[in-house]
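I have placed the structure first, in the form of structure tokens, so that the comments after it can refer back to it.
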Protein chains: 2
Amino acid sequence: MTKESDALCATEKEIMHATHRALVNSGYAALSISRIADELDKAKSTIYHYYDSKDALLLQFLRFTVDRFEATINTSIGDDPKEDLNHIIRTLLPSQLTEEKRQLYCVLVTLSPQALERAIFREQFTEIDTRLATIIEKTVRRGVEADVFRDVDPTHAAEHILATIKGTMYGRLTTNREAATAAAKASLFSYIDSHLVS
Amino acid sequence: MTKESDALCATEKEIMHATHRALVNSGYAALSISRIADELDKAKSTIYHYYDSKDALLLQFLRFTVDRFEATINTSIGDDPKEDLNHIIRTLLPSQLTEEKRQLYCVLVTLSPQALERAIFREQFTEIDTRLATIIEKTVRRGVEADVFRDVDPTHAAEHILATIKGTMYGRLTTNREAATAAAKASLFSYIDSHLVS
DNA sequence: GTCTATACTAAGATAGAC
DNA sequence: GTCTATCTTAGTATAGAC
């Protein structure tokens, strides 16, 4: 399984990382080719050698970021569906968010408003969610078929769990409600324990 | 209970509505004073008569939008906690999103990345969530105390429900996964029915 | 493939007339 | 309170040398 971003040449990768830094340090509104060049050890015009326009660069950068995010989803399938679900939740909502993960999530939140209107951005966010939903759904389905879980609709339950994870992460990044993350996580575990487990 | 935006003069309100239109029609990156003036029946410099800077305008606009969002939260408290919860969910996740609500939610999604770094934006998003969480928590607590609900932690359950609502809405706005909204909602109702109700 | 230099455009913001 | 006109800065993008 080759990621598209593996096909990038060294300089293109440097540009992607510079864009990441510029976005994290200065936000979307201030993201300009000049600002990216500042984070890069190259001149502005070098960026135009690789990308026709700022828009083309941004599109590639979203692809680059989505690939990196998807690489962090550790799809280790064990033999205990409940433990697998808990593992997924702990991976996506770690108690301690590493700086690297925090930045990755921040970039996705920063780019997400583009998905409101631009189809090509929307499709990438759709891809992420479909991927996550599929992983969770398969795990729930295995649990239901193994009679470890109640006879719930795996699709419905998976979308519920995914929405809760996303809403929790989103709140964690955009509010000061530190206790909310732990509370939502606790209730999600309890839901799996009492509602899902038969 | 007076909203801060009630204190705005007629022209300021016009500017707020013009900003809303500019943001909805052209997105955050293209949001400029010139662009707002285009949506307004006034010159650019008139805007500077009311606001010292673009930043001051944006801050006021977030306040204006948060007030409008909070006005849509119909806190009708009935005598049936379960029905009240369902009502809250149906209000925040209506089956048919009116164009007006869709725009309001889109504006919040568009402004939310600002909350990642700017404390003053962050506080407003914190306010929204705290308000919603409190409403849900009170409802759950009433249900627990009336023995209609199981003896769950009202805070934990409320944060779970809120996160699910937010994640569902966020996905609805930023992806093409139309079925996901209905699935998450169905599972949330089922959670209330089977897990919360005793 | 990377640089310097530059054309062009649009932005934020202000001055001053009415 | 609203206008026209303007200053200044910064952006996107290109041309052409090395």
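These values consider heavy atoms only, across backbone and side chains, with no hydrogens, waters or symmetry-generated copies. The chains referred to below are lettered A, B, ... by the order of the sequence lines, with proteins before strands, and numbering in each begins at 1.
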d(CD1, A/I33; P, C/dT2) in whole Å:
15 Å

Whole angstrom is fine here: how far is it from NZ in B/K44 over to P in C/dA15?
15 Å

Determine whether the aromatic ring centres of residues A/Y191 and B/Y191 are separated by less than 6.0 angstrom.
yes

Toward the 5' end of DNA chain D, by each residue's nearest nucleotide, A/L31 or B/T11:
B/T11

Go through it in stages, so that I can follow the logic: the residues are B/R122 and B/E127, the test is salt bridge (Lys or Arg N to Asp or Glu O under 4.0 Å), and I'd like the CA-CA distance, side-chain angles, deciding distance and then a yes or no.
CA-CA 9 Å; B/R122 203 177 174 80; B/E127 182 193 305; over 6 Å; no

I need the CG-P distance between B/L57 and C/dA11, as an integer number of Å.
15 Å

For A/Y51 and C/dT2, what is the distance between atoms OH and P respectively, to the nearest whole Å?
12 Å

The side chain of B/Y50 lies closest to which of these nucleotides: D/dC3, D/dG1, C/dT2?
D/dG1

Between the OG atom in B/S187 and the NE2 atom in A/H195, the distance rounded to the nearest 0.5 Å is 6.0 Å

C/dG1 P sits how many Å from A/K13 NZ, rounded?
15 Å

Checking all strands, does B/D55 fall into the base, sugar-phosphate, or nothing category for heavy-atom contacts under 4.0 angstrom?
nothing

So, do A/H160 and B/H160 have ring centers that fall under 6.0 Å from each other?
yes

Phosphate oxygens OP1/OP2 of C/dA10: is one of them under 4.0 Å from a side-chain N or O of B/S34?
no

Ignoring hydrogens and angles, does a donor from either the side chain of A/S45 or the base of D/dT14 sit under 3.5 Å from an acceptor on the other?
no

To the side chain of B/S53, which of C/dA13, D/dT2, C/dT2 is closest?
C/dA13

Per A/S32 side chain, nearest of listed nucleotides D/dT2, D/dT12, C/dT2:
D/dT12

Think A/T46 has a side-chain N or O under 4.0 angstrom from the OP1 or OP2 of C/dG1?
no

NZ of A/K54 versus C1' of D/dT14: gap in Å, rounded?
18 Å

State whether a side-chain donor-acceptor pair under 3.5 Å links B/Y50 with B/Q60.
no

Interatomic distance where CG belongs to A/D38 and P belongs to D/dA10 [whole Å]:
11 Å

Rounded to whole angstrom units, what separation is found between the OH atom of A/Y48 and the P atom of D/dG11?
10 Å

